[in-house]
2 protein chains.
Amino acid sequence: MSYEELVFDVFARNCTSRPVMETVAGRWGLLTMAALRDGTHRFNELRRRVDGVSEKMLSQTLHALERDGLVVREVRSAIPPRVEYSLTDPGRRIAAKLTELIELLEAEMPGITLAQARYDTAKDPADVPQQPQR
Amino acid sequence: MSYEELVFDVFARNCTSRPVMETVAGRWGLLTMAALRDGTHRFNELRRRVDGVSEKMLSQTLHALERDGLVVREVRSAIPPRVEYSLTDPGRRIAAKLTELIELLEAEMPGITLAQARYDTAKDPADVPQQPQR
DNA sequence: CGGGATCCGATTAGATACTG
DNA sequence: CAGTATCTAATCGGATCCCG
């Protein structure tokens with residue numbers, strides 16, 4: 001398939017951009033990218049910043065981001081081992097946008113919290129739609 | 001707990017903004033919000049636009065977004081039933097940002113695709129990190 | 001048309017233990 | 001330190017059936 005034929009429309013099922021979108025905007029991808037915005041970080045530094053990630057998930061996320069060319073992984077052979085992660089140029093552009101999203105959402109949270117409370121008291125407390133609760 | 005004490009830092013585990021972030025930036029939330037940007041839509045219209053959603057997932061997503069006060073659901077009693085979904089004001093602000101993210105990602109996709117190809121041929125084809133593949 | 005209820009397999013994610 | 005491997009529990013998500 002020729003290069004020009006590739007279409008990257010997220011709305012289309014089976015579009016190649018969907019899995020990328022999910023790593024990038026997913027729970028851990030989003031936070032990891034944002035955490036890397038202020039420079040290079042080591043694995044356990046990132047673990048501390050992205051509160052709640054398991055080693056496994058952080059490792060998976062970083063590998064996927066590296067594959068997408070958004071993060072670079074640099075190994076400095078030494079004892080103790082030192083592995084550093086940083087954003088590439090495209091990574092920086094995407095992370096900037098993700099940060100804007102985070103900040104907007106945080107700014108809207110007071111209103112959202114109120115809306116949730118209103119919704120929950122109006123409805124039967126039993127059947128509140130479940131949001132992802134991980 | 002008083003209103004001022006609430007902190008909405010996504011980086012903190014157990015922060016109330018995390019589940020919201022996940023509905024909004026999650027696979028279906030993102031596309032649903034973006035699809036609603038150009039106006040009111042009915043359930044099955046949305047299903048067609050958000051290619052690949054099941055009824056169940058679309059329904060869940062819409063309810064969660066409604067609970068967060070980002071989407072309004074209006075029922076017009078009639079035969080056949082007519083239910084319309086549209087964005088609220090906060091919903092519109094967030095959807096705008098999500099659309100920016102989508103457009104940025106789509107613009108970066110050529111580079112990302114190349115990076116993936118390079119990564120996959122460099123590494124053993126067996127152990128390519130898995131992205132969500134749904 | 002617009003869903004809710006249920007069933008069930010496939011994934012995901014976390015805990016834990018282990019390694020270079 | 002920086003992970004990988006393994007096991008298990010939770011969840012996701014599609015299919016199906018049903019109803020107003």
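Note that the coordinates shown come from a computational prediction; the quantities given were computed from them, not determined experimentally. Every heavy atom of this structure was used, including side-chain atoms; hydrogens, water molecules and symmetry mates were not. Note on naming: letters A, B, ... go to the chains in the order of the sequence lines (proteins, then strands), and numbering restarts at 1 for each one.
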Test: Arg27(A) and Glu22(B) ion pair at under 4.0 Å: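 Yes, charged N to carboxylate O under 4.0 Å.
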
Ionic contact status for Glu100(B) with Lys97(B), cut-off 4.0 Å: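 Glu100(B) and Lys97(B): salt-bridged.
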
Nucleotide dA13(C), atom C1' - distance to CD of Glu22(A) in whole Å: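 Distance check: Glu22(A) CD to dA13(C) C1' gives 16 Å.
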
Rounded distance (Å) that lies between atom C1' of dT12(C) and atom CE of Met57(A):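 Between C1' of dT12(C) and CE of Met57(A): 7 Å.
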
Roughly how far apart are [X] [atom1] and [Y] [atom2], rounded to 0.5 Å?
X: Cys15(A); Y: Glu106(B); atom1: SG; atom2: CD; value: 6.5 Å
X: Met21(A); Y: Met109(B); atom1: CE; atom2: CE; value: 11.0 Å
X: Phe11(B); Y: Arg18(B); atom1: CZ; atom2: CZ; value: 8.5 Å
X: Arg82(B); Y: Phe43(B); atom1: CZ; atom2: CZ; value: 15.0 Å
X: Leu36(A); Y: Leu62(A); atom1: CG; atom2: CG; value: 7.0 Å

Distances under 3.5 Å between nitrogen or oxygen atoms of protein and nucleotides 1-7 of chain C:
unit_1 : atom_1 : unit_2   : atom_2 : d
dC1(C) : O3'    : Arg42(B) : NH2    : 2.9
dG2(C) : OP1    : Arg42(B) : NE     : 2.7
dG2(C) : OP1    : Arg42(B) : NH2    : 3.1
dG2(C) : OP2    : Asn44(B) : N      : 3.2
dG2(C) : OP2    : Asn44(B) : ND2    : 2.8
dG3(C) : OP1    : Arg73(B) : NE     : 3.2
dG3(C) : OP1    : Arg73(B) : NH2    : 2.5
dG3(C) : OP1    : Tyr85(B) : OH     : 3.1
dG3(C) : OP2    : Tyr85(B) : OH     : 2.5
dG3(C) : N7     : Glu55(B) : OE1    : 3.3
dG4(C) : OP1    : His63(B) : NE2    : 2.8
dG4(C) : OP2    : Ser59(B) : OG     : 2.4

5'-to-3' dot-bracket of DNA chain D (Watson-Crick, G-U; under 3.5 angstrom; crossing pairs as [ ]; | other strand): ||||||||||||||||||||

Salt bridge (Lys or Arg N to Asp or Glu O under 4.0 Å) partners of residues 28-37 of chain A, not counting sequence neighbours, each pair once: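 Of all non-adjacent pairs touching residues 28-37 of chain A, none passes salt bridge (Lys or Arg N to Asp or Glu O under 4.0 Å).
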
